[in-house]
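Only one structure is covered here, and it is reproduced in the block below.
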Amino acid sequence: MSDLLVRAARVVPLDGEPYAEPVDVLVRSGAVAAVGRELPDAGVPEIDADGRWLVPGLWDAHVHLGQWAIASRRLDLSAARTPEEALAVVARAVDAGRPVVGMGHRAGTWSRPVTVAELDAVSGSVPVVLVNSDCHHGWLNTAGLDALGLARRDEVVSEGEWFDAYPRLTALVGGPTVDDYQRVLARAASRGVVGVVDFEFGAPWTDWASRWDEGCDLLRVRWSAYADTLDAALAAGLRTGAELAPGLSVGSLKIISDGSLGTRTAWCCEPYADTGGHGAPNQSAAELHDLLTRGTANGFTVATHAIGDRALAEALAVYAATGAAGSIEHAQLVTRDAVADLARLGLTASVQPAHLLDDRTTSERVWPGRGERSFALRWLRDAGVPIALGSDAPVAPLDPWLAISAAVHRGDPADEPWHPEQALSTGEALSASVDGRRTRVGEPGDLVLLDADPLAASPAALRDLSAALTVVGGRVVWGR
């Protein structure tokens with residue numbers, strides 16, 4: 001941690017912060033030591049903010065950082081509007097004869113399910129693995145199924161079976177490198193991000209501990225356990241909040257309790273309009289109870305993925321029964337009763353507003369009449385539920401300004417807002433993006449300078465915001 005004096009910064013008011021005029025901010029030993037006008041020389045490096053706007057460092061509360069780090073080296077299928085378009089892209093890629101891993105297609109928007117046979121027809125013996133944009137299923141050819149040790153079939157691999165198989169991809173095509181991590185961390189810093197909550201699948205804490213010493217210590221990182229990495233974490237004496245290295249700490253136990261909208265596996269009270277199904281849980285109530293009990297008994301908060309309203313109701317009942325603390329990840333489809341329970345239980349709603357940009361049309365088609373209950377940020381805020389915004393990268397870009405803009409406008413800037421009654425103000429969305437921090441004495445010295453006042457920016461201008469300076473613990477990690 002470092003010392004730094006930032007002079008003449010305009011502090012963006014969050015929750016009524018009292019600084020109306022430019023002030024100086026002194027960081028000593030990584031924490032804010034003084035805030036005031038014309039602070040005396042402190043004998044530390046100084047930066048003249050020249051009246052630019054200052055906010056606490058931004059956090060992304062939900063990232064799969066390994067997948068995001070390697071995304072640029074995978075076949076991009078995000079533009080494929082039909083299975084046929086995706087197949088054409090794959091057919092060109094297999095000419096090289098090497099295994100193909102693609103990602104970003106949105107099968108939930110396509111008019112029909114896909115098959116292994118049609119992928120075989122364009123790929124032959126070259127292993128092909130295509131990761132759906134929501135990361136909840138993989139479309140593989142027969143060679144890909146064989147390479148990952150999966151039983152042959154003619155449909156996609158989804159949910160628990162897919163999550164178990166995904167880490168085996170590294171044996172087929174390799175995983176993200178230190179250079180990949182350094183690149184995406186620097187890109188995040190350029191957007192004003194000072195910290196991420198990493199929910200990467202199948203990644204033991206030792207992976208982060210080793211790469212931390214290899215130059216990946218640019219930002220703060222909270223590593224999160226899953227059921228399959230929990231034993232090793234407990235054997236090492238870890239618990240939520242434990243520090244693995246300065247800036248690297250232990251987060252929550254992550255549980256995926258249901259699926260996703262795109263794969264029609266999010267567990268819902270009412271049926272999907274196109275399939276007639278309700279989705280399904282990934283654990284029984286007893287299994288979920290055991291996981292929350294075990295995590296809580298061993299000092300872990302619990303982050304539970306729940307997208308469908310039935311999954312949310314079931315998860316909240318288990319939180320109430322076990323006394324677990326933590327968060328609901330996504331909380332995409334809610335009810336008024338669930339919002340009240342979230343508030344009563346003191347749980348955080350960890351929401352990714354940029355998902356509504358992609359899910360809006362699909363939601364209206366397969367969850368008709370439920371749009372008001374989708375990404376219900378205003379209900380959550382008004383009920384007093386703590387909100388933490390994130391991206392779920394690589395499902396959406398690791399970009400807090402995109403998330404903030406989507407939370408405020410609830411659509412692309414040129415579109416009519418989708419259920420604008422559920423929007424947040426820019427100040428509220430920004431407050432939900434700073435990990436509860438404020439610019440005051442005793443807080444971590446994580447600061448971001450902006451060239452424009454975010455509270456005065458339009459939704460389009462919010463998307464264009466980036467950091468003029470990003471400081472983590474008093475250390476400048478980005479500047480231009």
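Owing to the predicted nature of the structure, the values given are computational and were not obtained by experimental measurement.
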Among side-chain atoms of Thr362 and Arg106, is any donor-acceptor pair under 3.5 angstrom?
no
Output, in order, the C-alpha distance, side-chain angles, deciding distance and verdict of ring-ring contact (aromatic ring centres under 6.0 Å, His included) for Trp208 and Tyr181.
CA-CA 11 Å; Trp208 261 116; Tyr181 276 99; 5.5 Å; yes
Check the angle between the aromatic planes of Tyr272 and Trp367 and answer parallel, tilted or perpendicular using the 30° and 60° thresholds.
tilted
Tell me whether the rings of His330 and His62 are parallel (<30°), tilted (30 to 60°) or perpendicular (>60°).
tilted
Should the pair Trp139 and Trp110 be assigned to parallel (<30°), tilted (30 to 60°) or perpendicular (>60°) ring geometry?
perpendicular
Looking only at the side chains, is there a donor atom on one of Thr177 and Asp179 sitting less than 3.5 Å from an acceptor on the other?
no
Just to verify, which of Gln422, Glu428, Glu421 counts as forming a side chain to side chain donor-acceptor pair (under 3.5 Å) with Arg378?
Glu428
Donor-acceptor side-chain pairing of Thr301 and Ser252 below 3.5 angstrom:
yes
Of the options His137, His136, His305, which is the one that meets Phe163 in a ring-ring contact (aromatic ring centres under 6.0 Å, His included)?
His136
Heavy atoms, side chains only, cut-off 4.5 Å: are Gln67 and Leu169 in contact?
no
Any side-chain donor-acceptor pair under 3.5 Å between Trp267 and Glu314?
no
What heavy-atom pair brings Phe300 and Leu253 nearest, and what distance separates the two atoms?
CD2-N, 3.7 Å
Just how far is it from atom OG of Ser425 to atom CG of Leu377, taken to the nearest 0.5 Å?
11.0 Å
